[in-house]
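All chains are named by letter (A, B, ...) in the order of the sequence lines, taking the proteins before the strands, and each is independently numbered beginning at 1.
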Amino acid sequence: MAKQQLNRREFFSFLTVGWVAFTAATAGLLSLAFRFSYPNVNFEPEMEFLAGGPSEFEAGVDERYKNGFGVWMVKQDGKLFALSNICTHLGCIPSWMPAEKKFKCPCHGSGYYMSGINFEGPAPRPLERYKVSLTPEGKIRVDKTKVYRYEKGEWNNPNSFISV
Amino acid sequence: MKHFINIIADPIFSFPIFSLLFFAMIKWYRVVGTKKFAWIFLAISVPVTVWFLADPQFIKIILWPDNIPINILVILIVFLTWFPLYKAAENDKRLEQGLEPVEALPENREKVWAWPNLVYTELFAIIAGTIFLVVWAIIFKAPLEEPANPTWAPNPAKAPWYFLGLQEMLVYFDPWMAGVVLPGLIVVGLIAIPYLDTNPKGNGYYCFQDRKFAITGFLYGWLVLWIYLIIVGTFLRGPNWTFYGPFEYWDFHKVVAEYNVNLSEFLWLKWLNTSMPKNIFVREALGIALTFAYLIGLPFISLKTKFGKDLLEKVGTMRYYIVIFLVISMGSLPIKMVLRWLFSLKYIVALPEIELNL
Ligand code: FES
C-alpha cells in the first residue's frame, strides 16, 4: 500500500492553514463570549435632569422622578430636596409606603423616614441627597453627581435643598 | 395551634429553639442515631407535614418555583445528618467494647477496581441526575422576572436560594462584614480545616467520641448558622424582608415596630445622658474596646479553661489561635442576632463616616 507522503513544503502550508483556522475560530468564540457579557438593554438614568418648578410640589414625597431618574423629590418643613433611592446598606431600591410614611427596603428591611434618616434595619446611614438648584427659568435642576451625606453634616449645605 | 406556630417560628424564638434542639441532638446522638428513632421521627413527621401542607398559605410558599430546591435540601439534610450520627453511634459502641470500627471489618476492607465499578456508578449517577433536571425543568417553569431596572426592585428581593443564609446574615451586619469578611472567613476556614485538624482519629471510619469538638463546631455552623438561616430567609421572610409565620398571609402592609440603636447612642445619650462627642473615635470608644476585648482577650481567657489548655496542647500555639479566631468570628453572628432581638442594637462600632460598622 503506497502511502501518500507530504513533502516539507506541503506540510508547512497545511500547518499554517490549520493554525490560522484554529486562531480565527478561537478569536471568534472569544469575541462572542465578550459580547455576551454586555447587556442587550442598558438603562442608565440621566445624571442631571430638570424637575419642574418648586410650586408643582406638594408637601410630602413625590414619586414622579423615581422610576426615570432614581430620585424622590421631598418637600418637608419648608425645604425641597432630592433624595437618592439607593439603600445605604447594600444598594437595593427601597419603596415609599405612604400609609406608614416611610421608605422600606425589600432586601434586608431597612426603614427610613421621609427625611431620609434611617431608623430600622441594618442601614448604617441615611439616604443621600443630591444637589438641587434653580435655573433662570425657575425650574429645579437636580445634579446627581454631587451628593450630600447627613453623617458628614452636609445637609445644611444650601446647595442640598431649595427653600420653599 | 397555627397561631402558636406562627409565633414561635419567629427567629427570636426559633433560633434558640433550634440551637437547643441541635445541642440535644449532639448530646443524645446515640438515641438519635438509631433506626428506631429514625422510624419514629418519620412516622411523626409525615402526618405533621401533611397537616402543614393542608394550609393554603403554607403550600403556596412551598410550591413557589424558587423554593423547590430548598424543600429537597431540607429533606436531604435531615437524612444526611441522621445517617453519620447513626454510623458514628454504631462505631462508638463497638470501640467502647474494644472492637474495631465497622469499616475495618474484613468484609468491608475488600478492594474493587475503579473501572468498571466506580465509573459505572458515576455514569448512572450522571444519567439519573440529567433526567431529574430535565423533568424538573419541564414541570416547573423558570421564575423569570422583568428586565433589570436600576430604579426599581422586586419586593421581597431575594437572593438565589443558596445565598439566602447570607442575605439573612446581612440583616444583622454591615455589607462589608456579612458580604465580604464573614463569607471570606467561611471559605478560608473551610480550606484550612485539614491543616488545623491534626486529630488522626476518625480517619476512614465514622465516630463521634473521638472528634467531639470538631464535629459539634462544624455542624453548628452548618446546620444552625447556614441551613437554618436559609430556611428562615426562604420561607419566613416576605415583603420588605419582614418576618411572616408559615401560615401567615404575606400582607404588604404588615408593620413591625422596630427602632435600632447603635451602642454609642446607648452609651452617650441613654446611660451618660450627654450629647454625642464630636470625635468619631471617642464616640465609638466603648464599641472599639469591646471588639478588641472579644477578638484578642477571648483567646487568652479561653487558655485558662481546661478546654483551651487541652486544645493548645493538642494542636500547638499557631493552630490554637487560628482555630479560636475562626470560632470567635463564627460566634459573632449569634451574638449579634441575640443583641438585636434583646436590645434592638444595631452596630457595636458604627463609623459610617469611614464605612466601617461592626
Ligand atoms: S440593601 Fe436595603 S436593607 Fe440591605
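Considering only heavy atoms from C-beta on, B:Leu286 stays 4.5 Å or farther from B:Phe266 through its side chain. Taking the side chain as every heavy atom from C-beta outward, B:Met276 and B:Glu265 approach each other to under 4.5 Å. The side-chain heavy atoms of B:Ile61 and B:Trp250, taken from C-beta on, include a pair separated by under 4.5 Å. A heavy-atom distance below 4.5 Å is found between the side chains of B:Trp268 and B:Pro277.
Both the sub-6.0 Å distance and the 45° axial angle are not jointly satisfied by B:Lys336 relative to the ring of B:Tyr172.
Taken together, A:Cys107 and A:Cys92 meet the criterion of an SG-SG distance shorter than 2.5 Å.
The closest donor-acceptor contact from the side chain of B:Asn240 to the backbone of B:Thr242 lies at 3.5 Å or more, if one exists at all.
Counting heavy-atom neighbours within 6.0 Å of A:Glu46 CD, excluding the residue itself, gives a total of 12 or less. Crowding of B:Tyr294 atom OH: a count of heavy atoms from other residues, nucleotides or ligands under 6.0 Å exceeding 12.
Of the atoms belonging to B:Tyr347, it is side-chain heavy atoms, and not backbone ones, that fall under 4.5 Å from chain A. Residue contact with chain B, scored on non-hydrogen atoms closer than 4.5 Å, is absent for A:Ser110. For a residue to count as touching a neighbouring chain, one of its non-hydrogen atoms must lie under 4.5 Å from one of that chain's; by this rule B:Arg237 does not touch chain A. Contact of B:Asn357 with chain A is made through the side chain alone, with heavy-atom distances under 4.5 Å.
Taking 4.5 Å as the heavy-atom cut-off, none of the residues of residues 22-34 of chain A approach chain B. Listed by sequence position, A:Arg149, A:Glu151, A:Lys152 are the residues of residues 136-164 of chain A in contact with chain B, using a 4.5 angstrom heavy-atom cutoff. Within residues 65-79 of chain A, the residues that have a heavy atom under 4.5 Å from a heavy atom of chain B are A:Lys66, A:Asn67, A:Phe69, A:Gly70, listed by number.
Ring-plane geometry between A:Phe119 and A:Tyr113 is classed as parallel, the angle between the planes falling under 30 degrees on a 0 to 90 degree scale with a further cut at 60. Relative ring orientation between B:Tyr228 and B:Phe15 is described as tilted, the plane-to-plane angle lying within the 30° to 60° band.
A:Tyr112 meets the side chain to side chain donor-acceptor pair (under 3.5 Å) test with A:Thr88; sequence neighbours excluded.
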